[in-house]
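Below, chain A is the first sequence line, B the second, and so on; all start at residue 1.
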Number of protein chains: 2
Amino acid sequence: MAAHKREQFTPAEQQIAVIAKALGHPARVAILRLLAQRQSCVCGELVLELPISQSTVSQHLKELKAAGLVQGEVDGPRVCYCLAPAGWATARQLLTDFLHDVPPVAPGCAC
Amino acid sequence: MAAHKREQFTPAEQQIAVIAKALGHPARVAILRLLAQRQSCVCGELVLELPISQSTVSQHLKELKAAGLVQGEVDGPRVCYCLAPAGWATARQLLTDFLHDVPPVAPGCAC
DNA sequence: TTTGTTTATCGTCGATTAACGATTGTAAAG
DNA sequence: CTTTACAATCGTTAATCGACGATAAACAAA
């Protein structure tokens, strides 16, 4: 028992949660920034820029790919990663909408 | 060993990761939306709106509070929660900046 | 075909998360 | 001073995460 209850929330809530979870580790935030800076990146280059091992980088890339934020193309023995245009656009939109739904609060709340 | 290496990333990356992690569960996304809709909310009301138990809601609120996104004020036997003005503003800014740093990509990437 | 380079996957381990019911704590009301 | 609400914490369980080294897989080059 005590299984997860994610299914019982709205699709939007779930999607945002999936995206946010993908951003929920500094390494993945860093990877996305690197990919944006360079437009694309071979996995090995990322490993050089990050303070974690090759296998761990690969894991994080896998998670980002699973969330649809990143895609990889095989290029000979290496793999070239870049932001997934559609997935990242969707993610941006969902986050933007959420920030719109939950606007800044005037100091001093109602309670 | 094999401890977490979060410390080895930049402060900005870590902060974004903390915020994103707090948003990384649909229940917490839902809670923030509810708080924004109603400006404030007693814990019990949230429990009624959400498909999870009281103790679980309390746990999620604790995490949101730990991330600085929410604050609770004791009001008699109940507790009134609302968005934490400063913390939520900071979070919004960090996310906005990040979205600015990682802009949408034109379809068809470099690789 | 063998070698070297690069990336993915496997297996493992400890830590953390998500969930619940049960219990405790706190404060108003009687 | 009890009782009654309400919320937080405790204790537990299963699942997931984060990390690593080791191994496998893919492919270019020799």
Undergrad: Can you tell me how far C1' of C/dT16 sits from NE2 of B/His25, to the nearest Å?
TA: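 The distance from NE2 of B/His25 to C1' of C/dT16 comes to 14 Å, rounded to the nearest Å.
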
Undergrad: Below 30° counts as parallel, above 60° as perpendicular, anything between as tilted: where do the rings of B/His60 and B/His25 land?
TA: tilted

Undergrad: Salt bridge check: are A/Arg78 and A/Glu73 linked by an N-O gap of less than 4.0 Å?
TA: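 No salt bridge links A/Arg78 with A/Glu73.
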
Undergrad: May I ask you to verify if any side-chain N or O of B/Lys21 is less than 4.0 angstrom from the OP1 or OP2 atom of C/dT17?
TA: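 Answer is yes, contact under 4.0 Å.
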
Undergrad: From CD of A/Glu73 over to P of D/dA26, roughly how many Å is that when rounded to an integer?
TA: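 Computing the A/Glu73:CD to D/dA26:P distance gives 17 Å.
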
Undergrad: Looking only at the side chains, is there a donor atom on one of B/Ser53 and B/Thr56 sitting less than 3.5 Å from an acceptor on the other?
TA: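 Judged by distance alone, the side chains do pair up.
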
Undergrad: Measuring from the side chain of B/Tyr81 (C-beta onward, heavy atoms only), which nucleotide among D/dA28, D/dA8, C/dT9 has the closest atom?
TA: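 Of the options given, the side chain of B/Tyr81 lies nearest D/dA8.
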
Undergrad: Please determine whether a side-chain nitrogen or oxygen atom of B/His60 lies at a distance below 4.0 Å from atom OP1 or OP2 of C/dT17.
TA: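 For B/His60, the contact criterion (side-chain N or O under 4.0 Å from OP1 or OP2 of C/dT17) is not met.
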
Undergrad: Round to the nearest Å and state the distance from A/Gln59 atom CD to C/dA8 atom P.
TA: 10 Å

Undergrad: Is A/Ser53 near enough to D/dC20 that one of its side-chain N or O atoms lies under 4.0 angstrom from OP1 or OP2?
TA: yes

Undergrad: Once you round it to whole Å, what is the distance between P of D/dC17 and CD1 of A/Ile52?
TA: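 So the CD1-P distance, A/Ile52 to D/dC17, works out to 16 Å.
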
Undergrad: When you measure from the side-chain N and O atoms of B/Ser58 to the phosphate of D/dA8, is any distance below 4.0 Å, counting only OP1 and OP2?
TA: yes

Undergrad: Send over the distance from B/Glu63 CD to D/dT9 P, rounded to a whole Å.
TA: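 After rounding, the reported distance stands at 13 Å.
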
Undergrad: Students often get this wrong, so: under 4.0 angstrom with heavy atoms, is B/Val57 touching a base, only sugar-phosphate, or nothing?
TA: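 If one applies the 4.0 Å heavy-atom cut-off, B/Val57 turns out to touch nothing in the nucleic acid.
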
Undergrad: Is the phosphate of C/dC20 approached by B/Thr56 (side-chain N or O, under 4.0 Å from OP1 or OP2)?
TA: yes

Undergrad: Output yes when A/Lys21 and A/Glu63 qualify as a salt bridge under the 4.0 Å nitrogen-oxygen rule, no when they do not.
TA: no

Undergrad: Would you mind reading off the distance between B/Lys62 atom NZ and D/dT9 atom P, rounded to a whole angstrom?
TA: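 Distance, rounded to whole Å: 5 Å.
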
Undergrad: Between A/Arg28 and D/dG18, is there a side-chain N or O to OP1/OP2 distance below 4.0 Å?
TA: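 A/Arg28 to D/dG18 OP1/OP2: side-chain N or O found under 4.0 Å.
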
Undergrad: Closest-nucleotide mapping onto DNA chain D: is A/Pro77 or B/Val42 further toward the 5' terminus? I mean the 5' end.
TA: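 The residue mapped nearer the 5' terminus is B/Val42.
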
Undergrad: Is any side-chain N or O of B/Ser55 closer than 4.0 Å to OP1 or OP2 of C/dG21?
TA: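 No.
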
Undergrad: For the side chain of A/Cys43, starting at C-beta, report the closest nucleotide among D/dC20, C/dT7, C/dT9.
TA: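 Closest nucleotide among those given: C/dT7.
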
Undergrad: Would you kindly give the CG-to-C1' distance between A/Leu61 and C/dT6, to the nearest whole Å?
TA: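 After rounding, the reported distance stands at 13 Å.
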
Undergrad: Quick check: is B/Leu69 connected to A/Leu95 through a chain of hydrophobic side chains (ILVMFWY, heavy atoms under 4.5 Å apart)?
TA: yes

Undergrad: Could you give the CZ-to-P distance, from A/Arg78 to C/dT6, as a whole number of Å?
TA: 6 Å

